[in-house]
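Take a look at the structure below.
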Amino acid sequence: MVVVNAGRAYLPPMIDAPSIDDVLAELVEEFDLLGDWEGRIEYVIELGRDLAPLADADRVEANKVSGCAAQVWLAVRREGDRLDFRADSDSALSKGNIALLLRLYSGRTPAEILAFDARAALDRLGLPSALTRQRANGLNAMVGRIREAAMAAS
């Protein structure tokens, strides 16, 4: 459930929320239904369209993810023992990629984030092989920034 407050999306604490592995299983199921890579890439782009807008205050150099072909901003806030991520990009595909990662990681504890094997998860979805090398490197850079935030918060 997403609540909009003063134009900002807020995700309530994940009490009894599905595990990160359950969310991955849902994504795998969704991707399997899509069939070909064109449909899968279009779905990723659609995920980006649904991403809540990022506040201008978060569009700062410190929140930019280096290593991406496009500009990607990733802001992190600690909400109790969990990390809340917000992001945006100037590229539809990069925005979709970061939206997919937020679906997996936002609202998780640092320990959950660090214990999750993102490379294996992305391989299960087939994303790295569907992207150009530069886009796959950008996706890995996004995961790296999320993991860095988790390490800093632990």
Side-chain angles (χ1 to χ4, degrees), residues 1-15 17-24 26-27 40-154:
M1 172 174 83
V2 175
V3 178
V4 177
N5 181 9
R8 281 190 12 189
Y10 166 74
L11 296 172
M14 295 182 71
I15 299 169
S19 72
I20 197 167
D21 290 321
D22 289 342
V23 173
L24 173 61
E26 289 172 8
L27 285 167
R40 292 176 184 206
I41 294 298
E42 183 56 39
Y43 180 66
V44 169
I45 291 170
E46 189 177 312
L47 289 174
R49 288 186 194 122
D50 294 337
L51 197 60
L54 186 67
D56 288 340
D58 288 328
R59 291 176 180 269
V60 296
E61 195 65 32
N63 288 340
K64 275 194 177 177
V65 179
S66 62
C68 295
Q71 291 189 93
V72 177
W73 296 270
L74 179 67
V76 61
R77 287 179 181 73
R78 190 166 192 132
E79 301 286 338
D81 65 340
R82 300 181 180 276
L83 299 179
D84 175 45
F85 296 98
R86 295 186 179 110
D88 201 359
S89 177
D90 62 356
S91 156
L93 184 54
S94 293
K95 189 172 183 171
N97 284 335
I98 196 69
L100 185 142
L101 293 175
L102 291 174
R103 187 166 161 189
L104 287 166
Y105 288 114
S106 199
R108 306 281 174 199
T109 66
E112 287 175 293
I113 292 168
L114 294 172
F116 186 69
D117 185 352
R119 186 176 306 270
L122 295 173
D123 285 344
R124 278 186 67 193
L125 295 175
L127 277 180
S129 62
L131 300 171
T132 65
R133 182 183 318 247
Q134 190 174 22
R135 295 272 186 201
N137 288 341
L139 183 60
N140 288 329
M142 293 175 209
V143 170
R145 281 292 295 274
I146 291 169
R147 290 183 58 80
E148 286 172 13
M151 283 187 265
S154 15

Problem - Cationic N near anionic O, under 4.0 Å, Arg86 to Asp84 - result: yes

Practice task
Please list, chain by chain and in numerical order, all residues satisfying side-chain contact (heavy atoms from CB on, under 4.5 Å) with Asp21, sequence neighbours excluded.
Solution key: Ser19, Phe116

Practice task
Answer yes or no: is there a donor N or O on one side and an acceptor on the other, between the side chain of Ser106 and the main chain of Phe85, under 3.5 Å?
Solution key: yes

Practice task
List the atom of Arg135, the atom of Ser91, and the distance in Å for their closest heavy-atom pair.
Solution key: NH1-OG, 3.2 Å

Problem - Within-4.5 Å side-chain heavy-atom neighbours: Leu51 and Leu47 - result: no

Exercise for the section: For Ala87 and Leu54, work out which heavy atoms get closest and say how close. Expected result: N-CD1, 3.9 Å

Handout entry: Gln134 CD to Leu139 CG distance, which is reported to the nearest 0.5 Å
Key = 13.0 Å

Practice task
Enter the distance from Asp117:CG to Asp123:CG here, rounded to the nearest 0.5 Å.
Solution key: 8.5 Å

Handout entry: Beyond-backbone contact of Arg77 with Leu83, side-chain heavy atoms, under 4.5 angstrom
Key = no

Handout entry: Distance-minimising heavy-atom pair for Ile146 and Ile113
Key = CG2-CG2, 3.9 Å

Problem - Enclosure of Arg119 CZ (heavy-atom neighbours >12, cutoff 6.0 Å) - result: no

Exercise for the section: Supply the atom-to-atom distance Asn97 CG to Ile45 CD1, rounded to the nearest 0.5 angstrom. Expected result: 9.0 Å

Handout entry: Test item: Arg145 and Leu101 side chains (from C-beta on) under 4.5 Å apart, heavy atoms
Key = no

Exercise for the section: For the residue pair Leu74 and Met142, establish whether any side-chain heavy-atom pair is separated by less than 4.5 Å. Expected result: no

Identify every side-chain donor-acceptor pair in residues 62-73 under 3.5 Å, counting partners at least two apart or on other chains, and give the distances.
residue, atom, partner, partner atom, Å
Asn63, ND2, Asp58, O, 2.9
Lys64, NZ, Gln71, OE1, 2.6
Gln71, NE2, Asp90, OD2, 3.2

Practice task
Please list, chain by chain and in numerical order, all residues satisfying side-chain hydrogen bond (donor to acceptor under 3.5 Å, both in side chains) with Ser89, sequence neighbours excluded.
Solution key: none

